[in-house]
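First the structure, then my questions, so here it is.
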Amino acid sequence: MTGDPREFLRALFDKAVEVADPMRSLAAYLPEKPDARHGGRVVVIGAGKASARMAEAVEAEWGPCEGLVITRYGYGRPCQGIEIVEAAHPVPDQAGLDATKRMLDLLDGLGEDDFVLALISGGASALLIAPFEPITLAEKQAVNEALLASGAPIGQMNIVRKHLSRVKGGQLAAAAYPARMLALLISDVPGDDPASIGSGPTVGDASTANDARKILERWHIDLPGSVAQVLGSGNGVLRPDAPELARIENRIVAAPSQSLEAAAALAREAGIRVEVLGDALEGEAREVAKHHAALALERQSKMAPGDQPLVLLSGGELTVTRKGDGIGGPNAEYALALALALGGKPGIRAIACDTDGVDGAAEVAGALIDPQTLDRAAALGIDPQTALDCNDAHSFFGKLADQVVPGPTLTNVNDFRAILIEPA
């Protein structure tokens, strides 16, 4: 390959984000706008980090629409008719609570002749916030923070979220029934299960409140009395075959596999071999990093001088069990653990970023590493192992100027990782 390897790795990430942009991906899945002249209303609703961009893409095709979409602070887009509300993520806030109530009010009273377009992407779990009474917003925030710090897989977190909510697990779709609904989804979950994207507000779920309770017990999360009360009394999560879901269609318009394929094509154009490790990887970030470091070293050991470089690509959603008080996220923690496991091995560089531009709660997508990462840290008096132990990876890479900060990407197809391997 020619050029700067770090710039090449960043170009792979940018390509992964680019192909997941709703302005590129959504139109192909959008039907003709239903004709409202015969009395039926057309209402657009949505939630998630990509939802405002999705709304913008809808109006680029349909023109001004009635509706309300909730997105993360800083991720709003100009729309002609759809109202965009910004709220907090990953821990919900009052703005999200108020906007969700207004969305439910908008759906109230719709009939069989009405049509609802739902735009759902990752982040909707926190942005669509309507806890069952008597759970308060503060109690829901506390449970959400505890889940995020626990290291629980995203699928298990979403089960809990569904059974504490009045909108998740198909309940948002039920609120629009008997109107017809089309939900367009951007996947940020391993396996692209629509029931897991944004905790499935338009998809039924077979899990039970008892399943949610067992998850909270497994991950040692203390329950406020109100949460225990709700989980003990049942709730409104709909089974997949519920009649209220009979008029809903769910379509995925962008997924992690498409972004990895686009990055792989770009790498091959540059004369680099590609090995895709999978688009649905899960697990503790530092443990996955150790495994990937061993894999990279093994692949490099089989290279001869002059061999083509190789890039290992992967996606999915890694987790962090928070034990320290630092500033970090799964992608930065993966990158730091990878640098430590590689030990400065020449010829191996990597990038790890979240495609939504936010790793954990920081306004940073992730980080880059190279064979000099540990030496540069030592020269600055920074101990990488201490940073890892304290879950302080973002601070570590910030001091090295190795953070990747793209700003709001307006999409979300989860983690993107690339390890570039050249002959030693």
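Each residue takes its place number in the sequence, starting with 1. The analysis underlying the following values was restricted to heavy atoms, covering all of them including side chains, and did not include hydrogens, waters or symmetry mates.
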Practice problem: Report yes if some heavy atom in the side chain of Asp354 is under 4.5 Å from a heavy atom in the side chain of Phe13; otherwise report no. | Solution: no

Quiz item: Is Arg72 salt-bridged to Glu86, cutoff N-O under 4.0 Å?
Solution: no

Quiz item: Is it true that Arg349 and Asp370 have a side-chain N and a carboxylate O under 4.0 angstrom from each other?
Solution: no

Quiz prompt | Carboxylate-amine/guanidinium proximity below 4.0 Å for Arg273 and Glu275 | solution = no

Quiz prompt | Flag for His220-Ser150: side-chain donor and acceptor within less than 3.5 Å | solution = no

Practice problem: Measure from NZ or CZ of Arg247 to the centre of the six-membered ring of Tyr177 and say whether it is under 6.0 Å with the direction within 45° of the ring axis. | Solution: no

Quiz item: With sequence neighbours excluded, what pairs up with Phe416 under the ring pair (Phe, Tyr, Trp, His ring centres under 6.0 Å) test?
Solution: none

Self-check item: Electrostatic pair Glu217:Lys214 at N-O distance under 4.0 angstrom
Solution: no

Quiz item: Taking 4.0 angstrom as the limit, do Lys15 and Glu18 come out as a salt bridge?
Solution: yes

Quiz item: Is the closest basic N to carboxylate O distance between Arg417 and Asp415 below 4.0 Å?
Solution: yes

Practice problem: Report yes if the side chains of Val358 and Val364 come closer than 4.5 Å at any heavy-atom pair, otherwise no. | Solution: no

Quiz item: Is a side-chain donor or acceptor of Ser187 paired with a backbone partner of Ala255 at a separation under 3.5 angstrom?
Solution: no

Quiz item: Looking at CD1 of Ile348 and CG of Leu342, how far apart are the two atoms once the value is rounded to the nearest 0.5 Å?
Solution: 5.0 Å

Self-check item: Asp98: which of Gln94, Lys101, Arg102 passes side chain to side chain donor-acceptor pair (under 3.5 Å)
Solution: Gln94

Quiz item: Is there side-chain contact between Leu310 and Met303, with heavy atoms separated by less than 4.5 Å?
Solution: yes

Practice problem: Take Val160 and Leu147, measure what side chain to side chain contact (heavy atoms under 4.5 Å, CB included) needs, and give me the verdict at the end. | Solution: CA-CA 9 Å; Val160 174; Leu147 282 168; 4.0 Å; yes

Quiz item: If every non-hydrogen atom of Leu318 is compared with every non-hydrogen atom of Ala285, which pair is closest and at what distance?
Solution: CD1-CA, 3.9 Å

Practice problem: Using distance alone, with no hydrogens and no angle criterion, decide if Thr386 and Asp389 have a side-chain donor and acceptor under 3.5 Å apart. | Solution: no

Quiz prompt | Asn144 side chain to Arg161 side chain, donor-acceptor N/O pair below 3.5 angstrom | solution = yes

Self-check item: Between CD on residue Gln308 and CD on residue Glu422, distance to nearest 0.5 Å
Solution: 12.0 Å

Quiz item: Of the options Arg77, Arg53, Met54, which is the one that meets Met23 in a side-chain contact (heavy atoms from CB on, under 4.5 Å)?
Solution: Arg53

Quiz item: Out of curiosity, Ser207 OG to Ile159 CD1, how far, rounded to the nearest 0.5 Å?
Solution: 5.0 Å

Quiz item: Side chains of Thr202 and Asn250: donor-acceptor distance under 3.5 Å anywhere?
Solution: yes

Quiz item: Among side-chain atoms of His292 and Tyr334, is any donor-acceptor pair under 3.5 angstrom?
Solution: yes

Quiz prompt | For the student: nearest non-hydrogen atoms of Ala365 and Asn331, plus distance | solution = O-CB, 3.9 Å

Self-check item: Gap separating the CD atom of Glu284 from the NE2 atom of His291, nearest 0.5 angstrom
Solution: 15.5 Å

Quiz item: How many angstroms lie between atom CG of Leu104 and atom CG of Leu172, to the nearest 0.5 angstrom?
Solution: 6.5 Å

Quiz item: How long is the span from the CG atom in Asp383 to the SG atom in Cys390, to the nearest 0.5 Å?
Solution: 9.5 Å

Quiz prompt | Electrostatic pair Arg239:Asp205 at N-O distance under 4.0 angstrom | solution = no

